[in-house]
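In what follows, a single structure is set out as structure tokens and then discussed.
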Amino acid sequence: MCGIVGYVGPRPSQDILLAGLARLEYRGYDSAGVAVIDGDGALGMRKKAGKLAMLRDSLKDAPLADGSTGIGHTRWATHGGPTDVNAHPHLADDDKLAVIHNGIIENFSALREELLADGVVFRSETDTEVAAALLGREYAGNGGDLQHAFRSVVNRLEGAFTLLAMHQDHPGLVVGARRNSPLVIGLGEGENFLGSDVAAFIEHTRRALAIGQDQIVSITPDAVTVTDFFGAPVQAEPFDVSWDAAAAEKGGWSSFMAKEVAEQPEAVANTIRGRIHDGQVVIPELDGLDELFIGINRVIITACGTASYAALVGKYAIEQWARVAVDVELAHEFRYRDPVIGADTLVVSISQSGETMDTLMAVKYARERGARTLSICNTQGATIPRESDAVVYTHAGPEVAVASTKAFSAQITALLLLGLHMGRVRGTVADASADVAELAALPEKVARVLESEQEHVTQLAGWMADTRSVLFLGRHVGYPIALEGALKLKEISYIHAEGFAAGELKHGPIALIEPGQPVFVLVPSPRHSALVHSKVVSNIQEIRARGARVIVIAEEGDAAVLPFADEVIHIPLAGAMFEPLLAVVPLQIFAMALATAKGLDVDQPRNLAKSVTVE
Ligand code: M6R
């Protein structure tokens with residue numbers, strides 16, 4: 001949601017801003033705009049509803065004078081529809097000051113009233129214009145000190161915001177602030193950048209600075225200054241981005257999603273790398289943090305969407321290996337009741353972006369309640385890891401498609417690692433060697449599924465392009481994968497889909513089965529539990545008897561399912577906790593192929609944003 005770019009340096013800024021916005025397109029947006037201070041010191045601005053191409057066309061038709069100080073924005077509408085007028089930047093101080101914003105200013109109505117009473121005339125319906133007008137008034141009232149005015153404004157705002165501002169009387173200066181919303185600094189040679197995430201400037205620099213909560217940054221071509229909201233200097237942490245611009249390019253693939261599905265063996269391998277020592281799982285980031293795992297009596301894993309399904313797999317793994325009770329909580333439900341948590345609770349949050357507002361708020365809430373917090377995250381410098389006591393990074397590389405695929409696999413991998421790490425620390429895993437061998441074998445097995453099932457599943461999806469509903473059934477760790485298979489299908493192919501625990505079937509969902517209803521069934525290996533396997537085979541018989549079209553995902557050599565399946569998708573043999581990483585792959589391919597067959601944009605599905613930075 002909302003992408004932000006800022007630039008100061010020697011180069012003309014428009015192309016830099018537009019390229020940065022293009023790299024942030026994946027976040028989801030419905031309008032875009034740029035403001036530039038030109039070579040004569042005048043501020044120019046252009047904004048357009050619709051895709052970035054509309055803004056580019058407008059700039060081509062009527063060019064804006066260029067200059068080397070600029071800000072750019074992609075907006076995902078919250079206050080006011082996606083129109084030209086509501087798009088950012090918003091101007092104030094006789095159009096000499098430009099402001100862009102991500103987030104929601106919760107006290108904007110009161111501030112708007114105050115400004116209206118002062119004679120301010122608003123052009124848009126946005127909360128952002130209120131911040132711009134407030135800044136304009138402060139600036140005019142304090143004799144033209146932009147940083148000072150900016151500080152007093154951010155101190156009056158409530159809610160979540162990343163705010164960037166520049167004034168034509170201060171070329172070469174962009175100021176920014178963040179509260180519960182992302183902002184990262186890119187450090188260049190004689191130039192500096194600001195971005196919602198590092199993708200905004202990755203083609204220019206991989207050196208970045210993470211800004212903390214309630215901090216303000218000023219960038220000029222040669223300096224970066226970070227303070228708190230009251231002006232006290234803050235030491236920001238520099239880091240090197242571990243991927244380059246090419247990693248965030250489509251690179252010949254038909255879609256980012258296709259590329260990211262194919263990158264899963266690498267994502268899993270990179271997440272495991274450096275975390276296995278002498279046949280044991282040892283996560284270096286958790287070195288010296290054993291107290292996080294000892295003396296706890298409960299783990300809560302909190303996340304949203306796909307990450308919450310990874311969490312469900314993590315529940316099984318951590319309970320099995322670390323012998324501690326695990327609950328999975330949707331982050332947006334967690335803090336709106338009165339959960340029983342305290343110093344003996346470990347709250348694990350999972351987020352690809354590290355910026356999901358619901359998850360961030362759950363982490364903050366857990367900390368306030370005295371719980372220990374650990375995050376699993378794919379994005380360096382993101383807010384959620386900064387708000388947690390510890391972080392285990394997934395190394396999936398940048399995930400651009402809205403539908404999460406390789407990040408999901410990396411999250412499950414990280415949770416398996418965490419479970420084994422905790423089991424070692426807590427002394428509940430006597431011998432991890434078999435599980436460690438399973439982990440190490442995963443990348444090759446995932447690659448095998450991709451290779452062997454791509455064509456088959458794509459063909460299947462082609463046949464089912466007119467299907468109006470698909471159901472997914474699973475048991476044990478297959479249950480979260482059934483939920484994930486349904487979510488993937490819903491979000492990119494707009495088909496009704498639901499995932500169920502297979503055992504629930506007779507408690508209601510079986511009423512949905514009518515002749516021809518497609519049902520994917522995830523069959524656990526009989527080698528893990530003959531009983532659970534036989535139960536799932538019985539479930540298959542029950543739906544088959546009612547006319548369902550049964551597509552089975554089962555391990556190679558599972559002959560018991562053959563008589564009852566219309567289609568069988570094979571996955572390699574793996575340990576019980578490791579099967580989800582193999583079984584999810586055909587479901588991702590299926591959703592992608594079906595959406596493609598329907599002519600849909602698999603990377604940017606309607607209504608969705610990659611990074612959900614508002615509650
Ligand atoms: O960045 P996060 O992992 O915190 O995002 C959580 C969900 O919004 C995300 O997984 C969403 O469900 C995906 N679009 C699913 O493909």
side-chain hydrogen bond (donor to acceptor under 3.5 Å, both in side chains) evaluation trace for T306 with S404:
CA-CA 7 Å; T306 285; S404 188; 5.1 Å; no
Roughly how far, to the nearest 0.5 Å, is the CG atom of L346 from the CD1 atom of I294?
12.0 Å
Going through the distances and angles, do R367 and D389 end up as a salt bridge (Lys or Arg N to Asp or Glu O under 4.0 Å)?
CA-CA 9 Å; R367 281 191 84 174; D389 297 322; 3.7 Å; yes
Salt-bridge test for R298 and D344: reply yes if a basic N is under 4.0 Å from a carboxylate O, no otherwise.
no
Angle between ring planes, F578 versus W321, binned at 30° and 60°: parallel, tilted or perpendicular?
tilted
Run the side-chain hydrogen bond (donor to acceptor under 3.5 Å, both in side chains) check on T128 and H88 step by step: do they pass?
CA-CA 8 Å; T128 308; H88 301 202; 3.3 Å; yes
When you look at Q215 and D228, which way does the side-chain hydrogen bond (donor to acceptor under 3.5 Å, both in side chains) test go after all the steps?
CA-CA 4 Å; Q215 290 180 0; D228 65 14; over 6 Å; no
Give a yes or no on this: more than 12 heavy atoms of other residues, nucleotides or ligands lie within 6.0 Å of atom CD of E291.
yes
Say you draw a straight line from CG of L582 to CG of L450; how long is it, rounded to the nearest 0.5 Å?
10.0 Å
For atom CD of E444, is the number of surrounding heavy atoms from other residues, nucleotides or ligands below 6.0 Å larger than 12?
yes
Quick note, salt bridge (charged side-chain N to carboxylate O under 4.0 Å, His left out) partners involving residues 264-281, not counting sequence neighbours, are R275-E285
Salt bridge or not between E25 and K610? Use side-chain N to carboxylate O under 4.0 Å.
no
Is a side-chain donor or acceptor of T383 paired with a backbone partner of N180 at a separation under 3.5 angstrom?
no
Any salt bridge between R23 and D197, counting N to O under 4.0 Å?
no
Distance flag, aromatic centroids of F334 and Y365, threshold under 6.0 Å
yes
With V612, which residues qualify under side chain to side chain contact (heavy atoms under 4.5 Å, CB included), at least two apart?
M1
Correct closest heavy-atom pair for R27 and C2 would be NE-O, 3.0 Å
CA sep, side-chain torsions, deciding dist, call: E491, R606, salt bridge (Lys or Arg N to Asp or Glu O under 4.0 Å)
CA-CA 8 Å; E491 70 177 332; R606 68 185 180 201; over 6 Å; no
Show which side-chain atoms of residues 256-263 pair as donor or acceptor with protein atoms under 3.5 Å away, not counting sequence neighbours.
unit_1: K259; atom_1: NZ; unit_2: A247; atom_2: O; d: 2.7
unit_1: K259; atom_1: NZ; unit_2: E249; atom_2: O; d: 3.1
unit_1: K259; atom_1: NZ; unit_2: E263; atom_2: OE2; d: 3.2
unit_1: E260; atom_1: OE1; unit_2: A401; atom_2: N; d: 3.2
unit_1: E260; atom_1: OE2; unit_2: V400; atom_2: N; d: 2.6
unit_1: E260; atom_1: OE2; unit_2: A401; atom_2: N; d: 3.4
unit_1: E263; atom_1: OE1; unit_2: K406; atom_2: NZ; d: 2.7

So, taking the atom named CD1 in I412 and the one named CD1 in I350, what distance separates them when rounded to the nearest 0.5 Å?
9.0 Å
Are D240 and R207 close enough, and set up right, to give a salt bridge (Lys or Arg N to Asp or Glu O under 4.0 Å), and what steps lead you there?
CA-CA 5 Å; D240 289 314; R207 188 85 180 134; 3.0 Å; yes
Spacing of S611 atom OG and E399 atom CD [to the nearest 0.5 Å]
11.0 Å
What is the distance from atom CG of L374 to atom CD1 of I301, rounded to the nearest 0.5 Å?
10.0 Å
Test of ring centre spacing under 6.0 Å for H421 and F293
yes
Determine, stepwise, if the pair K364 / E368 fulfils salt bridge (Lys or Arg N to Asp or Glu O under 4.0 Å).
CA-CA 6 Å; K364 289 180 135 206; E368 281 160 22; over 6 Å; no
Output the distance between atom CG (L587) and atom CG (L487), rounded to the nearest 0.5 Å.
11.5 Å
